[in-house]
There are 2 protein chains.
Amino acid sequence: MSKADIYEVAKAAGVSISTVSRSFTRPELVSAKTRRKVLEIADKLDFNISRSATALKSGQTYRVAMLMNEEITSWFNTQVFAGIESIMHPAGYDISLFQHIDTPENRHEFFGELPIRRNVDAVFVASFAIDPHEVEQLQRIHVPIIGINTPSTEGFDATVSIDDEKGMYTATQHLISLGHHHIVYPSSEAASISSSIDSRTRGFIRACEDAQEKHDLDWQVLTVPRGAAFADSALSALLSLDDFPDAICCQMDMMAIPLVIKLGRYGHLTPRDYSIIGFDDSPNADTINLTTMRQDPYGMGRTAANKALKLINNETLATPHEIVDAQLVLRGTDAPYQRPQPADLLQ
Amino acid sequence: MSKADIYEVAKAAGVSISTVSRSFTRPELVSAKTRRKVLEIADKLDFNISRSATALKSGQTYRVAMLMNEEITSWFNTQVFAGIESIMHPAGYDISLFQHIDTPENRHEFFGELPIRRNVDAVFVASFAIDPHEVEQLQRIHVPIIGINTPSTEGFDATVSIDDEKGMYTATQHLISLGHHHIVYPSSEAASISSSIDSRTRGFIRACEDAQEKHDLDWQVLTVPRGAAFADSALSALLSLDDFPDAICCQMDMMAIPLVIKLGRYGHLTPRDYSIIGFDDSPNADTINLTTMRQDPYGMGRTAANKALKLINNETLATPHEIVDAQLVLRGTDAPYQRPQPADLLQ
DNA sequence: TTGAAAGCGTTACCAG
DNA sequence: CTGGTAACGCTTTCAA
């Protein structure tokens with residue numbers, strides 16, 4: 001009694017397979033009575049339309065690919081994925097995930113084989129720089145390519161990006177306008193391929209350079225190795241500075257949050273002793289009261305997905321390429337500059 | 001020149017479509033020279049085997065469903081998903097996600113329509129209680145059903161679960177053995193359907209009851225409303241207690257982390273003034289040095305996926321149902337009980 | 001409103 | 001090792 005096919009359903013309902021098919025996919029073409037009967041029998045026989053067959057017949061795959069740097073478990077990737085999913089799933093699409101597309105081996109394998117060729121209806125590329133050659137390769141699959149936080153729009157049918165550079169420029173400016181002079185930017189080493197992280201660094205540098213003369217700044221980028229312990233590396237680098245800075249500008253909240261907590265253990269309290277600003281507004285940023293630049297990767301995923309749906313549907317996009325700004329979220333880790341006071345007076 | 005089909009490739013390569021097909025899926029059956037030529041031409045013509053057609057032909061869908069409570073963005077869900085993905089993707093499967101399967105509307109819709117019927121090769125059910133009727137419904141799709149942290153193994157072909165109750169029993173025992181007497185368990189209200197959260201509460205209660213007489217305990221479960229602000233609710237409930245507890249036992253790290261940080265602002269410092277233990281070992285637990293019970297949802301996802309693959313392959317599982325224990329991770333938020341001292345002596 | 005039949009792109013059997 | 005061909009389960013004209 002298991003796995004009845006469309007013929008059995010048709011027979012049991014006393015109709016043709018055409019009618020069974022229509023009862024599911026174009027119910028309006030079938031009389032209410034027939035349809036009800038068909039659906040009822042189908043349910044009894046555990047029957048349902050096969051997506052594979054539908055896909056084959058229609059030429060669509062009802063599947064989209066999502067390429068990402070690193071793991072889906074990172075905050076940013078999860079949020080973008082969830083945003084895309086929230087649009088694509090109800091529209092009948094599954095997401096085929098390709099993680100770690102930023103490692104040389106995976107890149108080579110992926111772009112060499114192009115396993116998604118003819119097997120997805122659209123491709124999302126989240127947050128990594130694919131080089132011109134790879135964009136070309138991707139285009140050969142002849143489906144819409146949608147970028148999220150890609151460094152360039154070149155070769156993409158649509159993109160959504162936050163302006164990382166401008167966002168970090170704003171963050172830095174905020175610290176400068178609070179009167180801080182000694183500003184450090186702890187930065188984990190750039191990935192092998194340029195990513196949005198680098199744009200942020202540029203934003204910091206540009207803001208400092210622009211304000212340099214007027215504000216007599218002492219600023220620096222403090223580069224630490226990538227890896228799981230990057231925040232601890234930054235911490236120790238910070239502590240080993242001759243003068244502890246009066247402001248710290250962070251690449252991301254995942255850098256800022258551990259710093260706030262652990263610097264506290266070494267007697268450096270924010271906002272009393274220094275200001276610090278993060279980037280992302282990721283979980284726990286509000287818990288520690290972190291002032292930060294907010295971005296909305298979930299929303300970007302939704303935007304990207306909506307564009308993809310239109311593109312799949314052969315519609316033309318009014319604005320294929322969108323840039324959104326990060327928002328300054330003022331909380332409790334920033335304060336106007338105050339001349340440092342002898343430690344024993346602080347009690 | 002776009003989207004060549006298998007016939008064009010065959011013609012261009014001077015072979016039959018059978019050979020083209022075999023060159024991709026059973027290369028060992030084709031001579032090296034022929035294969036190389038076919039692959040080369042296929043690449044030139046942007047051709048690749050269609051998964052939809054393969055799926056149709058083979059009767060498999062190369063798709064699995066994953067049902068989850070709430071959103072994929074939660075730490076637990078993301079980890080389980082990533083674990084499943086890490087096994088299923090290389091094996092050629094996509095994951096079709098069904099979120100919020102715990103809300104009445106979604107449940108009704110999902111189990112009524114059973115949209116995955118005949119459309120997935122396996123179903124993963126993560127961390128929610130489906131009632132007996134729903135298990136029955138699910139079984140009607142005639143594919144393996146694998147549970148992750150389901151409250152019962154009934155109706156599942158395989159399950160992996162952590163023993164939430166035992167884990168929390170252990171956590172509670174640890175606090176008791178440190179000499180704490182006044183222990184509070186802040187708990188967000190149970191979801192509409194029973195989940196692993198409830199097991200943890202039971203573990204706490206049982207541990208307290210078991211130790212009650214011998215240790216003269218004063219324990220309580222402090223229930224607060226669910227929702228985004230559950231940690232703040234717990235915080236204020238805690239602060240409004242007549243006597244502040246000397247130990248806090250938390251449902252999960254997401255409760256413990258904000259509490260540690262925010263209680264600090266109100267002058268309650270751990271481990272000086274109270275011990276606190278979390279559950280999960282989620283991100284930032286180590287940053288704040290939280291003593292907690294570790295679970296490994298990523299690993300559970302992998303285990304579940306491996307079971308699924310075997311089941312799909314009609315193999316029998318030696319141990320279909322596995323239970324793993326949470327591990328006590330001792331860090332810095334627990335200490336032996338000390339009689340509270342007058343506040344002014346603490347400076 | 002319904003039915004018959006062709007065809008979507010594979011795979012697998014059977015020949016050669 | 002390679003080719004011909006039927007069949008997988010559906011959708012979609014075209015006719016009735």
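Residue numbers begin at 1 in each chain, while the letters A, B, ... track the order of the sequences.
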So what does Thr25(B) hit on the nucleic acid, given a heavy-atom distance under 4.0 Å: a base, only sugar-phosphate, or nothing? sugar-phosphate
Of all the choices, dG9(C), dT11(D), dT2(D), which nucleotide is nearest to the side chain of Arg118(A) once you look at every atom? dG9(C)
Check ion pair Arg22(B)-Glu28(B) (N to O, under 4.0 angstrom): no
Do Asp46(A) and Arg140(B) meet the salt-bridge criterion of a basic N to acidic O distance under 4.0 Å? yes
Counting heavy atoms from C-beta on, name the nucleotide in dC13(C), dT2(C), dT10(C) closest to the side chain of Ile6(B). dT10(C)
Between C1' on dC10(D) and CZ on Arg117(B), what's the gap in Å once rounded to a whole number? 17 Å
Can you label the angle between the Phe81(A) ring and the Phe81(B) ring as parallel, tilted or perpendicular, going by 30° and 60°? tilted
Provide a list of protein-nucleic acid N or O atom pairs under 3.5 angstrom, restricted to nucleotides 5-7 of chain C.
residue	atom	partner	partner atom	Å
dA5(C)	N6	Ser18(A)	OG	3.4
dG7(C)	N2	Lys57(A)	NZ	2.9
dG7(C)	N3	Lys57(A)	NZ	3.0

I want to confirm an ordering. Mapping Ile49(B) and Arg22(B) to their closest nucleotides on DNA chain C, which one lands closer to the 5' end? Ile49(B)
Heavy atoms under 4.0 Å, any strand shown: does Leu29(B) hit a base, just sugar-phosphate, or nothing? base
Would you say dG3(C) has OP1 or OP2 under 4.0 Å from some side-chain N or O of Thr19(A)? yes
Which part of the nucleic acid, if any, lies within reach of Thr34(A) when heavy atoms closer than 4.0 Å are counted: base, sugar-phosphate only, or nothing? sugar-phosphate
May I ask you to check whether Phe156(A) and Phe124(A) place their ring centres under 6.0 Å from each other? no
Measure CZ/Arg35(A) against C1'/dT2(C) and give the value in whole Å, please. 14 Å
Given atom OH of Tyr7(A) and atom P of dA4(C), what is their separation to the nearest angstrom? 11 Å
Return no unless some side-chain N or O of Ser50(A) is found under 4.0 Å from OP1 or OP2 of dG9(D). no
Quick one: do the Tyr93(B) and Gln60(B) side chains pair a donor with an acceptor below 3.5 Å? yes
By nearest heavy atom, map Val15(A) and Ser58(A) onto DNA chain C; which one lands nearer the 5' end? Val15(A)
Between dC8(D) atom C1' and Asn119(B) atom CG, what is the distance in whole Å? 15 Å
Round to the nearest Å and state the distance from Gln60(A) atom CD to dC8(C) atom C1'. 13 Å
Quick one: Phe24(A) CZ to dG9(D) C1', roughly how many Å, whole number? 13 Å
Report yes if the side chains of Gln295(B) and Phe76(B) come closer than 4.5 Å at any heavy-atom pair, otherwise no. yes
Thr34(B) and Ser31(B) side chains, donor-acceptor separation under 3.5 Å: yes
For dT1(C), does OP1 or OP2 lie under 4.0 Å from any side-chain N or O of Arg26(A)? no
Could you give the CD-to-C1' distance, from Glu28(B) to dA12(C), as a whole number of Å? 14 Å
Atom-pair distance (CG on Leu56(B); C1' on dA6(D)), nearest Å: 13 Å
Check every strand shown and say whether Asn48(B) touches a base, only sugar-phosphate, or nothing at a heavy-atom separation below 4.0 Å. sugar-phosphate
Just checking, any donor-acceptor pair under 3.5 angstrom between side chains of Ser86(B) and Arg302(B)? yes
Below 4.0 Å: OP1/OP2 of dG9(D) and any side-chain N or O of Thr54(A): no
